[in-house]
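Inspection log for the structure reproduced underneath, given as structure tokens.
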Amino acid sequence: MSPRPLPLATPLLVLGAALLAGCSSLPWAAGKTPDGARASVAILETTDVHANVLSYDYYKLKPDPSLGYERTATLIRRARAEFPNTFLFDSGDTIQGSVLADYQALVKPVGCEQELAVYRAMDAMGYDGGTVGNHEFNYGLRFLSQVTGTPMNVDGGHADRCAGPRFPLVLANVYSARDGKPIFQPWTVVTRQIEAYTADGSKLRVPLKVGIIGFTPPPILQWDQQKLAGKVTVNGVVEAARKYLPELQAQHPDLVVAILHGGLNTAPYTPDMENAGWYLAGVPGIDALLLGHSHAEFPGPRYAGLKEVDAARGLVRGVPAVMADFFGKDLGVIRLVLDRKGGRWVVDREESHSEVRRICDKPGGRNKSGPQAIECVPADPAIAPLVRQAHEATIAYVNTPIGESALRLSSHFADEGNMTALAPVNAAQIDYVRRELPRTHPELANLPVLGAAAAFRTGFGGPDDYTDVAPGPLTLRNAADLYFYPNTLAAVKLDGAGLKAWLEKSAERFNRIDPAKAGEQTLINSRFTGYNFDQIQGGIHYVIDVSRPAGQRITTLTFQGKPVTPEQPFIVVTNNYRASGGGHFPGLDGSNIVLAAPDGTREILAKWLESKQRIGAQDLEPTSWTFAPLKTRGPVVFTGASGKQDVARTAGLANIRELKDHGDGTATYAIDLSR
């Protein structure tokens with residue numbers, strides 16, 4: 001349903017309003033907005049920017065117009081020109097996620113007086129508020145308290161009020177373990193003068209009080225256990241909303257906007273639910289809902305069919321909601337139509353709706369000018385100069401030489417068995433633990449050590465979102481490309497049954513394939529994220545039968561050529577996220593961690609590559625798994641970057657062939673599972 005236009009003031013009405021403005025008997029002249037008035041307010045949202053300030057790929061050292069906050073800024077300016085009344089908020093995962101972010105946090109940490117590059121860019125656009133995502137905690141509480149300008153009474157927190165963003169950050173569900181108080185203010189009220197119109201079309205300038213309350217995913221205590229355990233406590237999203245909304249409502253805001261770094265899930269609610277937006281929308285008193293974390297668009301087809309969700313107009317249980325995408329690719333816009341009734345503003349939910357505006361049109365969009373043309377909005381020229389120094393320093397850093405590779409290390413076809421980008425990670429992890437374990441746990445020193453790694457870049461962000469390191473010199477940017485996240489290393493002790501359960505969970509990356517089906521079948525389960533497809537090495541070999549149901553797909557599992565027994569002990573090296581329960585893998589909840597390294601996996605990998613100087617096939621274990629032979633009537637297909645069949649062939653995957661180039665950098669491939 002298209003929104004009903006607001007009445008426009010005619011010249012006579014404007015003149016009449018001007019003549020009457022001095023009459024104190026009129027309610028708006030006395031500072032009161034009359035019943036029957038109407039206003040349109042646009043709530044603008046960014047989320048999951050992940051410190052991608054510029055449209056630049058630090059892994060390939062070249063511009064990338066498909067992402068970057070500097071282009072989102074252009075959308076913000078255009079929206080403000082379109083809508084007379086706007087508020088701008090951020091839903092979190094802002095300070096982490098790019099090489100620039102890691103440089104400012106880990107390599108040359110910013111000082112107390114220095115504002116983070118991403119916040120400098122956001123301040124240039126004038127935000128009204130924001131919340132904190134789960135990745136804000138990746139660098140620890142001291143760094144977080146410093147760069148957000150928020151003194152925190154927590155172990156390791158920063159007591160000084162350092163340079164931070166010039167807009168309020170709210171977070172209602174994370175508390176100091178010392179005093180039980182929120183580490184950020186749980187809510188605040190933002191007041192802005194807006195344009196409104198009376199029933200006769202007269203234009204008014206009236207104040208609008210918008211209350212904001214923020215939430216982060218409760219599983220942060222698992223995901224960043226090493227940095228948060230014993231320092232903070234976390235409440236469920238719904239519980240925190242019910243606790244603090246009465247305080248906020250006591251300030252008599254005209255609107256309440258909930259800013260959740262989380263998505264939508266209609267599974268039964270629990271206090272540790274990761275994506276509790278559907279349940280938050282059901283808490284009385286929330287007028288608009290800003291979502292994030294899922295790296296998806298709402299409204300959008302991904303959420304079609306969810307109970308009480310209008311995935312076309314952007315309503316969740318009747319509440320207008322929006323979720324922009326990630327990396328600065330989109331701007332979320334909620335258009336709220338407000339009616340003045342009984343002395344208060346009421347959201348007209350029939351007229352309100354939301355949308356996601358992209359910085360680049362998808363193929364076939366309104367700006368498509370050729371078979372492969374995708375038009376992107378220009379970068380806002382005000383942003384790049386603000387971060388130029390940090391940007392140039394980051395480029396110099398990532399170009400630091402660390403060695404050489406005789407092999408192409410690629411995540412193209414990682415889901416189909418190309419482990420060249422994972423094998424160096426596993427080798428470095430295993431080497432680290434074999435050296436450290438005798439010192440910290442001598443009783444475990446003789447157990448087999450396995451490495452688990454997932455390909456973080458498998459095309460989710462587009463056809464360029466793959467790790468692809470060419471043979472030749474290696475630099476620190478290659479190590480950052482091979483290991484995308486700033487995780488720390490962790491090792492767990494488990495038995496053969498636990499190892500098999502781990503692999504079964506990973507194998508949910510694949511759809512179940514019916515050999516008798518004549519039509520095309522898609523191999524990859526897009527709802528199972530690529531970074532949860534762990535591939536394990538260290539002398540094991542296993543077979544995945546995709547014709548079987550999930551949980552029953554590992555048909556063969558051997559260690560050094562012999563079948564793994566259920567009680568056989570192993571040490572498996574992974575990252576702090578997985579070892580502490582990230583991804584909900586069976587048997588991984590933090591209780592069986594035997595080594596929690598202070599070192600980041602990326603740094604461990606970089607040092608391993610540097611120690612080798614030159615890596616070749618002799619330094620890396622071959623692919624540790626295969627698909628069970630399966631003859632199918634119809635083709636089994638998957639989507640990847642186009643023109644990469646040679647990568648598959650070089651990796652020994654002769655059973656893969658490109659079927660169709662889509663003209664947008666992607667292609668459909670077929671895999672012959674019988675070979």
Side-chain angles (χ1 to χ4, degrees), residues 1-45 79-89 126 128-129 187-213 245-258 281 283-290 313-315 318-322 333-355:
M1 180 186 297
S2 59
R4 176 161 56 92
L6 294 171
L8 297 176
T10 65
L12 285 176
L13 286 173
V14 171
L15 177 60
L19 291 173
L20 293 171
C23 181
S24 61
S25 64
L26 294 176
W28 58 91
K32 296 181 180 179
T33 307
D35 280 0
R38 187 166 244 232
S40 178
V41 174
I43 306 293
L44 311 181
E45 182 222 39
R80 284 174 169 163
E82 178 182 351
F83 301 106
N85 307 317
T86 61
F87 290 80
L88 176 60
F89 301 109
D128 296 289
W187 55 265
T188 193
V189 177
V190 179
T191 302
R192 175 78 58 82
Q193 293 288 317
I194 66 165
E195 293 180 4
Y197 291 87
T198 63
D200 64 3
S202 299
K203 183 177 177 180
L204 310 174
R205 293 286 294 177
V206 297
L208 189 74
K209 294 172 63 178
V210 177
I212 58 173
I213 183 169
L245 271 174
E247 289 185 12
L248 173 54
Q249 289 164 336
Q251 306 303 309
H252 305 292
D254 297 303
L255 293 174
V256 172
V257 177
V283 176
I286 293 173
D287 297 299
L289 178 61
L290 305 182
R313 292 181 55 222
L315 300 175
V319 177
V322 77
V333 180
I334 300 178
R335 184 180 185 269
L336 295 177
V337 176
L338 308 180
D339 293 317
R340 191 73 175 181
K341 297 179 181 179
R344 58 188 292 268
W345 287 110
V346 178
V347 176
D348 184 339
R349 294 185 177 183
E350 290 299 316
E351 298 287 354
S352 301
H353 72 287
S354 64
E355 62 177 303

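Atom set for the values below is all heavy atoms of this structure, side chains included, hydrogens, waters and symmetry mates excluded. Remember, predicted model here, so these are calculated numbers, not experimental data.
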Task: Intermediate values then yes/no, side chain to side chain donor-acceptor pair (under 3.5 Å), S354 and R335 - done: CA-CA 6 Å; S354 64; R335 184 180 185 269; over 6 Å; no
- [ ] Just jot down the salt bridge (charged side-chain N to carboxylate O under 4.0 Å, His left out) partners of E195, sequence neighbours excluded, or say none.
- [x]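 Salt bridge (charged side-chain N to carboxylate O under 4.0 Å, His left out) check on E195 returns K203.
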Applying side chain to side chain donor-acceptor pair (under 3.5 Å), name anything that partners [X], two or more places apart in sequence or on another chain.
X	value
Q193	none
R192	D128
W187	E247
Q249	none

Nearest 0.5 Å please: distance from the [atom1] atom of [X] over to the [atom2] atom of [Y].
X	Y	atom1	atom2	answer
T33	R344	OG1	CZ	13.5 Å
D254	L208	CG	CG	4.5 Å
F89	I43	CZ	CD1	5.5 Å
L290	F87	CG	CZ	12.5 Å

TODO: Mark yes or no for whether R80, through its side chain, and F83, through its backbone, hold a donor-acceptor pair below 3.5 Å.
DONE: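 Here the side-chain-to-backbone pair does not exist.
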Task: Any donor-acceptor pair under 3.5 Å from D348 side chain to L338 backbone - done: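 Not a single qualifying donor-acceptor pair exists.
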Restricting to non-hydrogen atoms, name the atom on [X] and the atom on [Y] that form the minimum distance, rounded to 0.1 Å.
X	Y	result
L248	G211	CD1-CA, 3.8 Å
S352	L336	OG-CA, 3.5 Å
T198	P34	CG2-CG, 4.0 Å
A196	V206	CB-CG2, 4.2 Å

Task: Matching residue for D287 among I334, L255, V346, V210 - test: side chain to side chain contact (heavy atoms under 4.5 Å, CB included) - done: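 With D287 as partner, side chain to side chain contact (heavy atoms under 4.5 Å, CB included) holds for just one option, L255.
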Does [X] reach the side chain of [Y], with side-chain heavy atoms less than 4.5 Å apart?
X	Y	result
V347	V319	no
R340	K32	no
V322	V333	no

Open item on the list: Using the side chain to side chain contact (heavy atoms under 4.5 Å, CB included) criterion, which residues pair with L315? Sequence neighbours excluded.
Closed with: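 Scan of L315 (side chain to side chain contact (heavy atoms under 4.5 Å, CB included), adjacent residues dropped) gives D310, R313, P320.
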Open item on the list: Assess the residue pair W345 and D339 against the criterion (side chain to side chain contact (heavy atoms under 4.5 Å, CB included)); give the C-alpha distance rounded to whole Å, side-chain angles, the decisive distance to 0.1 Å, and a yes or no.
Closed with: CA-CA 6 Å; W345 287 110; D339 293 317; 5.6 Å; no
- [ ] Kindly indicate, with the supporting measurements, whether the criterion side chain to side chain contact (heavy atoms under 4.5 Å, CB included) is fulfilled by I194 and R205.
- [x] CA-CA 6 Å; I194 66 165; R205 293 286 294 177; 5.7 Å; no
